[in-house]
Number of protein chains: 2
Amino acid sequence: MAKEISMQALQRLPLYLQYLRTLPVGKDTTISAKALGTVLGFGEIQVRKDLSAVSDGGKPKIGYGAESLIRDIECFLGYDNLSDAVLIGAGKLGKALLSYDGFRTYGLNIVAAFDSDPLKCGTDVSGKLILPLERMDNLCERMKIEIGIITVPASAAQQVCDRLIRSGIKAIWNFAPTHLSVPEGVILKNENIAASLAVLSKNLAEKERRS
Amino acid sequence: MAKEISMQALQRLPLYLQYLRTLPVGKDTTISAKALGTVLGFGEIQVRKDLSAVSDGGKPKIGYGAESLIRDIECFLGYDNLSDAVLIGAGKLGKALLSYDGFRTYGLNIVAAFDSDPLKCGTDVSGKLILPLERMDNLCERMKIEIGIITVPASAAQQVCDRLIRSGIKAIWNFAPTHLSVPEGVILKNENIAASLAVLSKNLAEKERRS
DNA sequence: TAGATTGTTAATCGATTAACAATC
DNA sequence: TAGATTGTTAATCGATTAACAATC
């Protein structure tokens, strides 16, 4: 089990995990790098290299034990202890994220949502309470929340971001379609729907041009 | 204006565009590579290299004309002619995407949504009609739709994907948290929320470890 | 044992950055 | 002109892939 992992390999780990979790549970379910790669569309050497960063449970001739590999990836990604997060902006996208049960299996626990609309406040989306924005700062500080998920309109995003950081947030997950600036030391991850779309469109156009 | 562009550069183009569109409109608004880079957190050489792939409008000492640069990027990404798409799965995420006006400015036009739930059918989300799944195949074929957006639960995703492909869809944008397999020649773009989260979590854990 | 499979070191490939010439 | 800025060619860096030794 090596120490170094590339950024790209890191992003592939959840995909391995996703697939492994669909496998039938059983003490001795095993899978080879080749089989994993075939399913996910990766080369087998790449799979082995990726997995070598998180696990040393691979056995020649046999492959990887599915259960132990799942545990190793979860452990490497820190999914074994949940991180608390708050979500700001209970619009359609915000509600969709609040309702997504899957986050728990990826180590994220959204403890509450905030919205500036008084009509939304007090209501509940999939068991998560929507609170007035005024209570955000206090709750973040009190609970030492480290992750803030921004799903407000682009025009309000920077303001919300600044406020989260003042409340001690260490990492921002930004779904608003705008660039945010954060001080040194705060982690910013932009969710980038337009970038994905660009890749898809370009591939499609390319394909059409060729045919 | 070169021909080649790297995958990563391609994904940065929408970010440039996003920022440029916030600039005050004016025939002679200009911006330098350095200024663009500072705002978006990229190096100035990278910005120049990226932009050289799409534009030849940069002028020494002056920079790039904002309006013409916007046009060049839009043209390069094919945003000047809208692509029609259908969306399958009018759950919370599906509705959020249907309501997102921004797609039009990124060259995507969702013409209709489909859902297997009869209660949802006939209703309308932000002006997009939700239709019964049975009508999907026919509409895709008739309108020669090329892009399918999948927002159904993971368990139904592969089935929906196969059906879209049978109806002539050329590109799949998958938001379901599962891996899909598509035949050679069909473009698949997985939207990968767990992968982003992994990067964020890892950076956060890394930061904590260091301090 | 032979064959399948892992894990690692070295080679290749692609993307970023540095250096610098061109130009307004 | 001098200085700022673009655009390109060459060098560096990082990620992927190939080759191969280790092992069950």
Side-chain angles (χ1 to χ4, degrees), chain A residues 1-16 20 28-70 72-73 76 192 195 198-199 202-203 206, chain B residues 1-16 20 28-70 72-73 76 192 195 198-199 202-203 206:
Chain A
M1 170 154 47
K3 296 270 170 53
E4 294 297 333
I5 188 166
S6 74
M7 192 66 105
Q8 342 276 312
L10 176 57
Q11 298 190 64
R12 283 189 294 268
L13 290 178
L15 305 181
Y16 296 121
L20 290 168
D28 22 308
T29 307
T30 61
I31 187 159
S32 72
K34 190 170 185 179
L36 252 177
T38 303
V39 171
L40 297 174
F42 305 148
E44 62 168 316
I45 300 160
Q46 185 170 67
V47 174
R48 275 206 295 277
K49 184 121 192 193
D50 289 351
L51 298 185
S52 73
V54 301
S55 164
D56 46 12
K59 290 208 181 58
K61 183 108 192 226
I62 293 167
Y64 301 84
E67 283 196 353
S68 71
L69 190 51
I70 290 174
D72 288 340
I73 296 177
F76 185 88
N192 218 326
V199 173
K202 200 68 193 169
N203 286 344
E206 194 67 18
Chain B
M1 172 154 46
K3 296 271 169 55
E4 294 300 331
I5 188 167
S6 75
M7 195 64 108
Q8 342 275 314
L10 176 57
Q11 297 190 64
R12 283 189 294 268
L13 290 178
L15 305 180
Y16 296 121
L20 290 167
D28 21 308
T29 307
T30 61
I31 187 159
S32 72
K34 190 173 188 177
L36 252 177
T38 303
V39 171
L40 297 175
F42 304 147
E44 63 169 316
I45 299 160
Q46 185 171 65
V47 174
R48 273 206 294 280
K49 184 121 190 190
D50 289 352
L51 297 185
S52 74
V54 302
S55 164
D56 47 11
K59 290 207 181 60
K61 182 105 190 230
I62 292 166
Y64 301 83
E67 282 197 353
S68 70
L69 189 51
I70 289 174
D72 288 340
I73 297 177
F76 184 86
N192 218 326
V199 174
K202 200 70 193 166
N203 286 343
E206 193 68 17

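Throughout, a chain's letter reflects where its sequence line sits, starting with A, and its residues are numbered from 1.
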Electrostatic pair B:E44-B:R48, nearest N-O below 4.0 angstrom: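 Judged by the 4.0 Å cut-off on N to carboxylate O distance, B:E44 and B:R48 do form a salt bridge.
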
Nearest whole angstrom, please: distance from the [atom2] of [N] to the [atom1] of [X].
X	N	atom1	atom2	answer
B:E44	D:dA4	CD	C1'	10 Å
B:L69	D:dT5	CG	C1'	15 Å
B:D72	D:dT6	CG	P	15 Å
B:K59	C:dA22	NZ	C1'	15 Å

Evaluation steps, side chain to side chain contact (heavy atoms under 4.5 Å, CB included), between A:E67 and A:T29: CA-CA 7 Å; A:E67 283 196 353; A:T29 307; over 6 Å; no

Base versus backbone protein contacts along nucleotides 15-20 of chain D [heavy-atom cut-off under 4.0 Å; B, S, -]: SSBB--

Show the nearest heavy-atom pair for residues [X] and [Y], with the distance to one decimal.
X	Y	result
A:D72	A:D56	OD2-N, 4.4 Å
A:A195	B:P14	CA-CG, 3.8 Å
A:G58	A:P60	O-CD, 4.0 Å
B:Y16	B:D50	OH-OD2, 2.6 Å

Watson-Crick or G-U pairs under 3.5 Å in DNA chain D, rendered as dot-bracket with [ ] for crossing pairs and | for another strand: ..||||||||||||||||||||||

Side chains of B:I31 and B:V39 in contact at under 4.5 Å (non-hydrogen atoms):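 Sidechains of B:V39 and B:I31: no contact.
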
Note, B:F76 side chain near B:I5 side chain (heavy atom, < 4.5 Å):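 With C-beta onward as the side chain, the pair touches.
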
Nearest-nucleotide pick for B:K61, side chain only, options being C:dT6, C:dA4, C:dC24: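 Among the listed nucleotides, the one closest to the side chain of B:K61 is C:dC24.
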
